[in-house]
4 protein chains.
Amino acid sequence: MNESGRVEAFSDGVFAIAITLLVLEIKVPEGAADHLWSAIGAMWPSYAAYVVTFLIIGIMWVNHHTIFQYIARVDRTLLFLNLMLLMGVAALPWPASVVAAYLREGNAAHVALAVYSLFLVFHALVFGAMWWHLTRTGHLFDDRVDVEAARATRGRFALGSIVYPITVGLSFVSAPLTLAVHGLIAVYYAFNQVPVPTKAEAAPSASSGS
Amino acid sequence: MNESGRVEAFSDGVFAIAITLLVLEIKVPEGAADHLWSAIGAMWPSYAAYVVTFLIIGIMWVNHHTIFQYIARVDRTLLFLNLMLLMGVAALPWPASVVAAYLREGNAAHVALAVYSLFLVFHALVFGAMWWHLTRTGHLFDDRVDVEAARATRGRFALGSIVYPITVGLSFVSAPLTLAVHGLIAVYYAFNQVPVPTKAEAAPSASSGS
Amino acid sequence: MNESGRVEAFSDGVFAIAITLLVLEIKVPEGAADHLWSAIGAMWPSYAAYVVTFLIIGIMWVNHHTIFQYIARVDRTLLFLNLMLLMGVAALPWPASVVAAYLREGNAAHVALAVYSLFLVFHALVFGAMWWHLTRTGHLFDDRVDVEAARATRGRFALGSIVYPITVGLSFVSAPLTLAVHGLIAVYYAFNQVPVPTKAEAAPSASSGS
Amino acid sequence: MNESGRVEAFSDGVFAIAITLLVLEIKVPEGAADHLWSAIGAMWPSYAAYVVTFLIIGIMWVNHHTIFQYIARVDRTLLFLNLMLLMGVAALPWPASVVAAYLREGNAAHVALAVYSLFLVFHALVFGAMWWHLTRTGHLFDDRVDVEAARATRGRFALGSIVYPITVGLSFVSAPLTLAVHGLIAVYYAFNQVPVPTKAEAAPSASSGS
């Protein structure tokens, strides 16, 4: 396994663990033996937070992998930015729990969603910084990547840095709507991801291990 | 590692974490210093929920792997269906906890098992949808698979979608019996899995990495 | 990755997660702002349970890996026995928590250690059954293994099935002593593991992936 | 995968799980519906403990990997020392939780940071012992390593064993400062790691899998 493969495997582990730890946020209703159906129904904010955050981490993983499959070398800056990225991903079960706890709590719901959205702003910023670093010289990419074209996608990659701050504002309009929008953005990205531009003639090379 | 290998490794991680997180559902009896044996004995619903759910996730992993070893390419729909599947698997510690908490609680036990069974209905539906998508054109399979024969197994693959709704009904007859039936279904599948049909002449090819 | 490699990777994941989840058993002392040193010191049963169980799972992993590196094929029985084995390993954080909670609680400490020891009896039995199954025909081993000699080691492999029941009895003599003995057995196995007998002329073959 | 690759994959799993479990240390504020912003703000010790410990485990992983990529063989002593190392890494979520709980609690904050620092002393000692064992004969390294030069780095590797005891003392001067220093040390190591000395003529060999 080459150097970037090792970093990617470690990152994949963190993504897989964070996404699976989300379930710990959903509590077992206590003392609800005589009204378990309604007690379980009343917990819908937990399910909503679970489903949306699961999708978000899942798509983050796909995006992370899409980029890393074209990376042949890692430098210290990439290693550090990737660690920042993972720090944000691994933290997501916490804002998800806050949303689950406060989504039905009037004003607190706005705060909960704003906090949740700020975590996604952080993720978008670090992801953008990583892409910026990768495309600056292009020397970490394997030779399939069209560095010039990759650099031109910076704007589209920075889109998340614009969309997510808007959801911070939207949190104060409607908390459930903001959560729904986050779910929709995740589904949108699941089917419309920005591809890494490759050279026209590029075929997967044996050494790149895609 | 090829693209489907990466998706499978991520999925394997989620299966392994979900199956291991199950133990957090078994609580340590509190304040039972003078009757620890009986306190531990009284927790049998936790052990039953643990064992049955462990077997179920274990078999789900085997089935998932059996299919993925024949997949050479992934498209966006497969990626999304797989994420849905993992969402259901990763969530299972929660219904297991609900069963553990309410299995001896009269009416609530019926509700708990119905909820538990509904999670397995969801899994069977998504698994069926994934198989449907894979066999529709067959272009994601590697060349060992007999696509025509694979399409013909859709009915048997859909069996779970029939069996599990029945267990939802059975939950209201007897909760412990329903849990036992889930355990038996898991053991049955452990030894009687539907194989992916391969071409008569097919030998494992070097590229398929089985 | 061949079939047994995939099963081993999944098993490795469960071992790694179970061993890391152990830390959740160590609680943060509450309301101890004015006597944090002594509060932390009073928690020594948690540290003892952590260290001993960490060593035990670590050695179990080494033993599991030692065998699996010689396995070239998996059948349904091996898959099922391995799932049983993992079920016992993944459950260990629970008896460790029980020991941590009750090690200083008089009679309850005896019960806690007996329960802990019974989990290791279970592990030894399943491990013995797995070795029995593997050596019965030997057709799952790769061709480096001397099946005849491997079969002759069954007695030594069954040793655990004798030692661990003794620790169940020892639990009722002294709980801390029993925990210490479990730690010592783990350290002993760390340096004196039964090797899988290989053919005299056997050299690691390219296909066996050791 | 060769023997050291298997040990490294297991270790990577423990690092990835420990770093991701850290988030469980950050609690959801309870009953704070009417002052969620301030309740979330008041939890800054949790965030500080999370960020610093995340960086520390991340850098520990990088350092561990840097060494293991040059290891071709494992012996029992290395296996045991590595298990000790992982035991310390996997335990880190606990001192992080203690720091989060007591960082604003006067005297208790000093104790919490001292305990936290002692865990890092332990890590530095085991890491030093592992490096000592590896460089003593050098027979576990692959042939790229300049064993003579590696042995000469023992002093610099032992640096941590000097720096971390100082932070234990610093804990009693200022707890927040000590936590900040730990964060700075981690960032420093992220960009200034001691490299494993390789032979001048050494090129990555096919068998070493770096």
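All chains are named by letter (A, B, ...) in the order of the sequence lines, taking the proteins before the strands, and each is independently numbered beginning at 1.
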Side chain, backbone, both or neither: which part of C:A112 has a heavy atom under 4.5 Å from chain B?
both

According to ring pair (Phe, Tyr, Trp, His ring centres under 6.0 Å), who are the partners of C:Y70, at least two apart in sequence or on a separate chain?
none

Between C:A101 and chain B, with a heavy-atom cut-off of 4.5 Å, which part of the residue counts as in contact: side chain, backbone, both or neither?
side chain

Residue-level interface, residues 15-51 of chain C with chain B, non-hydrogen cut-off under 4.5 Å
C:I17, C:A18, C:L21, C:L24

Taking atom CZ as the centre, does B:R154 end up with more than 12 heavy-atom neighbours from other residues, nucleotides or ligands that are less than 6.0 angstrom away?
yes

When heavy-atom pairs shorter than 4.5 Å are enumerated against chain B, which of C:D75, C:L79, C:D12, C:V14 gives the highest number?
C:V14

For a 4.5 angstrom cut-off between non-hydrogen side-chain atoms, does C:R6 reach B:E8?
yes

Name, in order of residue number, those residues of residues 114-123 of chain C that have a heavy atom at a distance of less than 4.5 Å from a heavy atom in chain B; otherwise write 'none'.
C:A114, C:V115

Could you tell me how the ring of C:F80 sits relative to the ring of B:F191: parallel (under 30°), tilted (30 to 60°) or perpendicular (over 60°)?
tilted

Taking salt bridge (Lys or Arg N to Asp or Glu O under 4.0 Å) as the definition, give me every residue that meets it alongside B:R151, ordered by chain and number, with sequence neighbours left out.
B:E148

